[in-house]
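So the structure is just underneath, and the comments pick up after that.
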Amino acid sequence: MKLLIGIIMVLTILSYCGNSENYFFTELFKYEDVDKNQEIKSINILDEKNGFLLGVDYRNSIRYPLGLVLKTTDGGKTFEHMSLGEGTPTFFSRSTDLKTMYIILIRKGRKMNSDKSILLRSVDNGDTWSIVHSCAEKKLRNVFFYNENIGFITVQDLYETKILKTKNGGKSWEAIQMPFVSNSIANYITTDGFLFGIYANQNDCIWKLNIFSNEVEQISIDLPADYVIDSFLKFDPIYKLFYILCRQKEWSNNCLFKIYCINNKKIIDLDYPVGDFSIYGNYISIVSWERNNEFKSVYYYSTNAGAKWEKEIPKCRLLSQYAVYGEGCFWSIAEIGEDLMWPLMVRKQSSER
């Protein structure tokens, strides 16, 4: 019966899924049957050539999977697989000085309330990983380091979040005791030493922390009255601007989205929903879906800051993991591509098309 269901599923997917001249597919795992016993949890693009995929391997245990890191240096054509040991990787980041990388691994405990959050670090471009910090009483949500010494983590402590700071590479941590950063989430560190964060339940401002002096200020956000924040901050490295996605408060299949610039308060109106976006100078990339076409995924891009949009419909329906970066980098897990089960779909660079 399982085999029959698998054959039906594959034939159904193939009816709308095939190759496209703008995309190529890379096999990530060799699946023996339709059971998805290895799975990608997040895609992290560093540049056109380098990226890291975080995943899990359920083959030995569904309850206690192994954490995986897949590294590419050729734009997603090939990957090196590494195991992180038992646990599920939930977050990846690279320090602002580009010298160290970090992964948060959640390791499920054998007893009630015994899960452990583990912070891993790599100093050799992701070839090896070592434990920097671990805790059982709090859940680590994200991590951002300025250099090898100064870093910040957001921790979930019961019903509120806290921001912790280290000055010694993670050996010890202290909570930032500032009212402006309470119940918020750290988001981005700039090269000139400012940590930005957003609030869990506030849509009219964000905060900015000087990582050397610990001085904090709030930055107002003037969203339309019926809109709420719907993403973390996105940074444009070309024009040095911050953006955030917002949408109408009342969620529906027809709710409207906008991209809001924190610096100049300009708004880019959108006629379609947004799953992810990136801005690189005048180049904007958006992963969306068609509401009237079985929610089939769409890639939109603009080369003139949103004045005009181009649309691509990949022939493979996308799953929940995707990422965009720079001028046209778009990676996603697809259901099937070139007869591969759940491969990585990569949009070719303009020089390769």
Side-chain angles (χ1 to χ4, degrees), residues 1-10 13 25-44 51-73 76-93 101-143 153 156 316 318-323 331-346:
M1 178 61 71
K2 179 193 287 187
L3 180 60
L4 178 59
I5 294 173
I7 292 173
I8 294 173
M9 184 185 77
V10 170
I13 295 173
F25 298 89
T26 299
E27 183 178 40
L28 300 177
F29 307 111
K30 292 187 178 298
Y31 294 101
E32 296 180 359
D33 53 37
V34 296
D35 286 340
K36 202 174 183 182
N37 52 23
Q38 296 176 89
E39 182 179 4
I40 296 301
K41 292 293 188 180
S42 72
I43 298 175
N44 306 275
F52 288 81
L53 312 184
L54 302 185
V56 287
D57 184 348
Y58 296 111
R59 288 178 296 178
N60 291 328
S61 173
I62 295 178
R63 184 172 176 80
Y64 305 106
L66 298 177
L68 300 175
V69 178
L70 282 66
K71 172 184 174 181
T72 181
T73 57
K77 294 180 175 66
T78 61
F79 282 88
E80 176 187 357
H81 291 228
M82 292 165 276
S83 175
L84 298 173
E86 189 176 295
T88 299
T90 60
F91 191 83
F92 173 95
S93 67
M101 298 177 182
Y102 300 86
I103 289 176
I104 293 175
L105 185 74
I106 305 299
R107 185 167 293 166
K108 194 169 185 61
R110 263 58 177 180
K111 298 179 181 179
M112 185 73 70
N113 299 322
S114 63
D115 292 0
K116 182 178 291 187
S117 294
I118 300 172
L119 179 60
L120 302 172
R121 176 177 62 194
S122 174
V123 296
D124 54 10
N125 198 34
D127 289 336
T128 59
W129 297 86
S130 59
I131 295 177
V132 175
H133 176 73
S134 66
C135 61
E137 67 278 7
K138 300 179 181 68
K139 181 179 180 180
L140 304 185
R141 293 191 58 172
N142 62 24
V143 55
I153 54 176
Q156 187 75 43
C316 279
L318 311 181
L319 301 188
S320 58
Q321 302 305 326
Y322 41 73
W331 300 5
S332 175
I333 301 300
E335 289 169 318
I336 284 186
E338 296 179 344
D339 298 328
L340 302 173
M341 294 284 288
W342 295 295
L344 178 70
M345 183 184 72
V346 178

Next item on the list: List in chain and number order the residues that pass side-chain contact (heavy atoms from CB on, under 4.5 Å) with I131, two or more places apart in sequence or in another chain; answer none if no residue qualifies.
Entry: I118, L120

Margin query: Is there a side-chain contact between V56 and P89 in this structure, where contact means two heavy atoms from C-beta onward sitting under 4.5 Å apart?
Written below: yes

Notebook entry, point to check: Do N37 and D57 come close enough that some side-chain heavy atom pair is under 4.5 Å?
Noted result: no

Note to self: Quick one, E39 and I333 - any side-chain contact, counting heavy atoms below 4.5 Å?
What the structure shows: no

Notebook entry, point to check: Side chains of L140 and T90: closer than 4.5 Å at any heavy-atom pair?
Noted result: no

Next item on the list: Measure the shortest side-chain to side-chain distance between I104 and I153 over non-hydrogen atoms and say whether it is less than 4.5 angstrom.
Entry: no

Item checked: K139 atom NZ, neighbour heavy-atom count above 12 within 6.0 Å -> no

Note to self: Going by the rule side-chain contact (heavy atoms from CB on, under 4.5 Å), which residues pair with T128 if we only count those two or more places apart in sequence or in a different chain?
What the structure shows: D124

Item checked: Y31 (side chain) donor-acceptor with Q38 (main chain) under 3.5 angstrom -> yes

Notebook entry, point to check: In Å, rounded to the nearest 0.5 Å, how long is the span from OH of Y58 to OH of Y64?
Noted result: 14.0 Å

Note to self: Nearest 0.5 Å, please: how far is CD1 in I103 from CE in M101?
What the structure shows: 9.5 Å

Checklist line | Side-chain donor or acceptor of T26 paired with backbone N/O of G76 under 3.5 Å | finding: yes

Next item on the list: With sequence neighbours excluded, tell me which residues meet side-chain contact (heavy atoms from CB on, under 4.5 Å) with D115.
Entry: K108

Note to self: Using 0.5 Å steps for rounding, measure from the CD1 atom of I106 to the CZ atom of R141.
What the structure shows: 11.0 Å

Next item on the list: Please work out which of the three classes, parallel, tilted or perpendicular, describes the rings of F92 and F52, given edges at 30° and 60°.
Entry: parallel

Margin query: Please report the interatomic distance CD(E335) to CH2(W342), rounded to the nearest 0.5 Å.
Written below: 8.5 Å

Check: Within a strict 4.5 Å, meaning less than it, do heavy atoms of the T88 and P65 side chains meet?
Finding: yes

Notebook entry, point to check: Where is the tightest heavy-atom contact between L68 and F29, given as atom of each residue plus distance?
Noted result: CD1-CE2, 3.9 Å

Check: Can any side-chain N or O of Q321 pair as donor or acceptor with the backbone N or O of K41 at less than 3.5 Å?
Finding: yes

Notebook entry, point to check: Can any side-chain N or O of T72 pair as donor or acceptor with the backbone N or O of T78 at less than 3.5 Å?
Noted result: yes

Margin query: Given 3.5 Å as the limit, does a donor-acceptor pair link the side chain of R107 with the main chain of E86, or not?
Written below: yes

Checklist line | Minimum side-chain heavy-atom gap L54-V69 below 4.5 Å | finding: yes

Notebook entry, point to check: Just wondering, do L344 and I40 contact through their side chains at under 4.5 Å, heavy atoms?
Noted result: no

Check: How long is the span from the NZ atom in K30 to the CE atom in M341, to the nearest 0.5 Å?
Finding: 13.5 Å

Margin query: Once rounded to the nearest 0.5 Å, what's the spacing between atom CG of L53 and atom CH2 of W331?
Written below: 7.0 Å

